[in-house]
2 protein chains.
Amino acid sequence: MPRGRPPDERSAPTLEQVARVAGVSIATASRVVTGAVPVSPDRRARVQQAISLLGYVPDERARDLRRRVHKTVGLLVPSLGDPLHADVFRILHRELSRDGFTLLVFETTGKADAEKASMDVLVRNHARAVVVAAAAGLAPPILQLLRRRDIRAIFYNDRPPQPAATCVCVDDHGGALLLTSHLIGLGHRRIALVAGALDGSTGVDRHAGYSAALAAAGSATDPQLVAGFGWTSEVGRQAATGLLRIADPPTAILAAHPSLAAGALIAIRERGLDIPGDISLASFFESDYLRFVDPPITCLGGLGAAVAAGIMTTLRTEHTGLVEIPLAASIRGSTAAPPVRA
Amino acid sequence: MPRGRPPDERSAPTLEQVARVAGVSIATASRVVTGAVPVSPDRRARVQQAISLLGYVPDERARDLRRRVHKTVGLLVPSLGDPLHADVFRILHRELSRDGFTLLVFETTGKADAEKASMDVLVRNHARAVVVAAAAGLAPPILQLLRRRDIRAIFYNDRPPQPAATCVCVDDHGGALLLTSHLIGLGHRRIALVAGALDGSTGVDRHAGYSAALAAAGSATDPQLVAGFGWTSEVGRQAATGLLRIADPPTAILAAHPSLAAGALIAIRERGLDIPGDISLASFFESDYLRFVDPPITCLGGLGAAVAAGIMTTLRTEHTGLVEIPLAASIRGSTAAPPVRA
DNA sequence: ATGAAAGCGCTAACAG
DNA sequence: CTGTTAGCGCTTTCAT
């Protein structure tokens with residue numbers, strides 16, 4: 001038998017100690033802690049006194065073990081630095097804490113083995129659900145493991161690899177359409193897209209939305225005006241630099257991500273152009289700096305909150321399927337009518 | 001007695017099931033899982049086969065409960081958006097996972113009640129240690145709770161409220177001294193400080209280091225050249241705008257935080273000044289954009305890694321006391337000799 | 001309203 | 001080497 005070490009007073013007090021101090025049974029002590037079942041007032045008081053005297057705090061793990069419930073949810077994101085993911089984390093964390101859940105975050109940088117390792121930890125900790133931003137890399141075997149374990153997977157941002165999976169997706173197509181139409185409405189005809197990587201639905205859908213808006217206005221998509229197939233500011237900068245050098249340069253640039261917009265911003269300034277006098281700039285999604293920059297940049301707002309809300313609903317209602325997050329544009333100083341030309 | 005529900009095959013397989021399938025005792029199964037004690041080759045093989053057949057994964061919580069160990073560490077930061085904290089999170093997470101630990105992150109935004117709530121969760125989950133960036137708000141009662149629970153507290157960034165506490169601190173004074181001396185060495189005499197809030201050791205020490213460097217060069221600190229007592233880019237922008245308007249404006253600006261530098265950068269551009277031709281700019285710490293901006297901005301580098309390393313050492317060696325992280329400057333294009341003047 | 005006791009899934013004595 | 005067994009701290013049935 002395990003050597004039951006002498007009850008260490010330094011160690012965390014247990015329910016048994018509380019019960020002893022209060023002079024009641026463990027069961028009664030438990031009942032006042034959980035608060036569910038009726039306990040006589042005087043005993044309740046004695047137990048509560050013992051609790052605060054000892055500084056008792058229930059052991060969440062023992063509790064879950066016995067209750068056979070799993071109050072852990074995982075979040076897998078490529079990067080916590082990304083404002084969208086940071087927002088989702090913040091809000092998810094807040095909401096889940098409210099329900100007594102624990103959120104385990106993993107930064108996977110899109111690497112498959114990191115995702116594998118993260119999933120392993122989550123399984124070992126009996127996660128009930130896992131929220132995944134980096135859908136692309138989540139290999140089928142992992143998905144299978146999740147299913148086998150009855151762990152709900154909720155994808156967001158990118159559309160999931162499996163058609164029937166639960167997903168909270170931003171309306172990328174609609175967003176691009178919205179922003180591009182805004183630019184067209186302002187009078188722009190040469191609108192460039194700094195597109196982002198086209199290996200996931202995010203990039204592809206934004207590109208499609210952009211093209212659709214153009215088509216609706218009667219123009220074709222000029223391949224010369226689409227560049228920047230990555231997600232870093234350096235990619236954005238180089239793409240914009242190239243875009244500004246072509247024969248018939250754009251009067252507006254739409255960036256598919258704040259980092260891309262940051263790069264474009266630098267390129268525009270290097271070129272000595274004025275925003276929005278010479279060129280307009282609009283970006284997907286929100287980021288602190290988009291507001292602080294001069295002029296503040298038009299973008300698609302309120303996203304993190306909406307995504308997080310969608311995830312919470314999905315989590316709570318056991319909903320399965322696709323949730324589309326509607327998008328709204330925050331029109332700011334960086335977009336205006338194009339300069340008049342010859 | 002609890003109604004042992006019929007063994008649900010959908011649910012996570014237990015060691016007992018593994019043992020049954022392998023035709024061995026549950027103890028033997030446990031032994032091959034933990035891998036510690038000798039087990040005969042054939043039995044080992046049978047168990048391993050059963051494990052992969054069932055897809056068995058040990059339940060971390062039951063394990064910890066039985067082992068009476070606590071493999072959870074908490075991290076409390078004001079904001080995950082801050083590159084320093086994001087770095088610390090990333091590295092801590094990686095290192096701790098390696099040791100089988102779980103990292104629970106909390107964004108407290110410096111609010112005392114958020115810190116209180118976070119600590120509560122950590123206590124309930126039997127955290128072994130908690131790493132705290134927002135030292136200022138961690139009220140004494142919480143500290144007391146931690147001590148009582150024998151939870152190690154490791155502070156970083158700000159110096160802790162309690163003198164004897166364990167702390168991994170950046171050498172803020174030395175860093176400011178280093179950067180300011182660099183600027184002085186370049187020939188600058190009018191060096192401004194965008195200081196950050198002076199209600200914590202971080203801001204105060206950086207200010208002191210700046211003054212010390214000035215004093216060493218034989219100049220006094222001109223109060224007119226110190227502004228920006230907050231941590232947002234907006235504060236930095238306003239401070240720098242003011243600084244550039246005074247009668248005898250600075251030829252160099254030292255920002256106490258990347259956000260402050262971002263604001264200063266905007267102000268400088270608004271003023272139409274060239275970096276580093278008209279004015280030099282240096283910043284505390286690293287941030288992606290500091291590298292991508294044109295010109296890249298001189299700053300203090302490698303910080304997150306160093307802090308995280310210090311924390312890990314502290315965690316592993318049970319070290320108590322103060323660890324100072326040495327700082328190194330990354331000299332980049334944003335600092336050069338001041339313009340020649342009349 | 002209360003207490004005794006049976007385990008949740010696991011590890012580690014202890015005795016073969 | 002292997003099996004038996006006593007709990008880790010907690011909740012909950014069952015019987016008072």
Side-chain angles (χ1 to χ4, degrees), chain A residues 1-8 11-20 22-47 51 54-71 100 123-126 149, chain B residues 1-8 11-47 50-51 54-71 100 123-126 149:
Chain A
M1 98 199 59
R3 179 145 324 286
R5 66 170 176 199
D8 181 356
S11 172
T14 71
L15 242 202
E16 190 191 346
Q17 297 179 39
V18 170
R20 195 165 34 222
V24 300
S25 74
I26 299 183
T28 300
S30 170
R31 290 197 258 259
V32 5
V33 171
T34 53
V37 239
V39 176
S40 73
D42 62 319
R43 277 161 190 274
R44 174 182 299 280
R46 296 225 308 281
V47 171
I51 286 176
L54 265 45
Y56 170 80
V57 174
D59 183 327
E60 212 61 46
R61 290 172 323 198
R63 196 179 257 203
D64 287 358
L65 182 61
R66 175 59 236 243
R67 279 179 171 157
R68 318 186 99 206
V69 300
H70 316 304
K71 308 204 82 172
V123 168
R124 299 169 93 88
N125 286 282
H126 277 199
R149 271 274 145 55
Chain B
M1 94 198 58
R3 178 145 325 283
R5 68 170 172 197
D8 181 356
S11 171
T14 72
L15 242 202
E16 191 191 346
Q17 297 178 40
V18 171
R20 194 164 36 223
V21 169
V24 300
S25 78
I26 158 174
T28 300
S30 171
R31 289 196 259 261
V32 4
V33 171
T34 53
V37 237
V39 175
S40 73
D42 62 319
R43 277 161 190 276
R44 172 181 301 279
R46 296 224 308 281
V47 171
I51 286 176
L54 265 45
Y56 169 80
V57 174
D59 183 326
E60 212 61 46
R61 290 174 322 204
R63 200 181 254 204
D64 286 358
L65 182 60
R66 177 58 236 242
R67 279 179 171 156
R68 317 186 99 204
V69 300
H70 316 303
K71 307 204 84 173
V123 167
R124 296 169 94 87
N125 285 284
H126 277 193
R149 271 273 144 54

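Numbered from 1 within each chain, the chains take letters A, B, ... in sequence-line order.
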Exercise. B/A62 and A/L65: which non-hydrogen atoms are nearest, and at how many Å?
Worked result: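 Minimum heavy-atom contact is CB-CD1, 4.0 Å.
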
For this session: Measure across B/R149 and A/A12 and return the closest heavy-atom pair with its distance rounded to 0.1 Å.
Result: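 Closest pair (atom of B/R149, atom of A/A12, distance): NE-CB, 3.6 Å.
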
Provide, to the nearest angstrom, the distance between the [atom1] atom belonging to [X] and the [atom2] atom belonging to [N].
X     : N      : atom1 : atom2 : answer
B/H70 : C/dC10 : NE2   : P     : 19 Å
B/D59 : C/dG7  : CG    : P     : 18 Å
B/R63 : C/dC8  : CZ    : P     : 18 Å
A/Y56 : D/dG9  : OH    : C1'   : 7 Å
B/I51 : C/dC10 : CD1   : P     : 10 Å
A/R46 : C/dA1  : CZ    : C1'   : 13 Å
B/L15 : C/dG7  : CG    : C1'   : 16 Å
B/K71 : D/dC8  : NZ    : C1'   : 17 Å

Candidate nucleotides [options], ranked by approach to the side chain of [X] - the nearest:
X     : options              : value
B/V24 : D/dT11, D/dG3, C/dG9 : D/dG3
B/R66 : D/dG7, D/dC10, C/dT2 : D/dG7
A/R43 : D/dG3, C/dG3, C/dC10 : C/dG3
A/L65 : C/dT2, D/dT2, D/dG9  : D/dG9

For this session: Could you tell me whether the side chain of A/R44 reaches within less than 4.5 Å of the side chain of A/V47, counting heavy atoms only?
Result: no

Problem set entry | Rounded distance (nearest 0.5 Å) linking atom CG of A/D59 with atom CZ of A/R66 |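 Result: 14.5 Å between the selected atoms.
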
Does [N] have OP1 or OP2 under 4.0 Å away from a side-chain N or O of [X]?
X     : N      : value
A/S40 : C/dT2  : yes
A/R68 : D/dT12 : no
B/R61 : D/dC8  : no
A/R31 : D/dT12 : no
B/T14 : C/dG9  : no

Exercise. When the nearest nucleotide of DNA chain C is assigned to A/V39 and to A/I26 on a heavy-atom basis, which residue is associated with the more 5' position?
Worked result: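 So the residue in question is A/V39.
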
Exercise. Counting distance only, does the side-chain N/O of B/R61 pair as donor-acceptor with the main-chain N or O of A/H70 below 3.5 Å?
Worked result: no

For this session: Please confirm whether the backbone N or O of B/V32 pairs with a side-chain atom of B/R43, one donor and one acceptor, at under 3.5 Å?
Result: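 No; zero donor-acceptor contacts below 3.5 Å.
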
Exercise. Under 4.0 angstrom, heavy atoms only, what part of the nucleic acid is B/S30 near: base, sugar-phosphate, or nothing?
Worked result: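 Base contact.
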
For this session: Could you check whether B/V33 gets within reach of a base, just the sugar-phosphate, or nothing at all, counting any heavy atom under 4.0 Å?
Result: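 Answer is nothing: B/V33 stays at 4.0 Å or more from every strand.
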
Seminar exercise, completed: Between B/P38 and B/R67, whichever has its closest DNA chain D nucleotide further toward 5' is B/P38

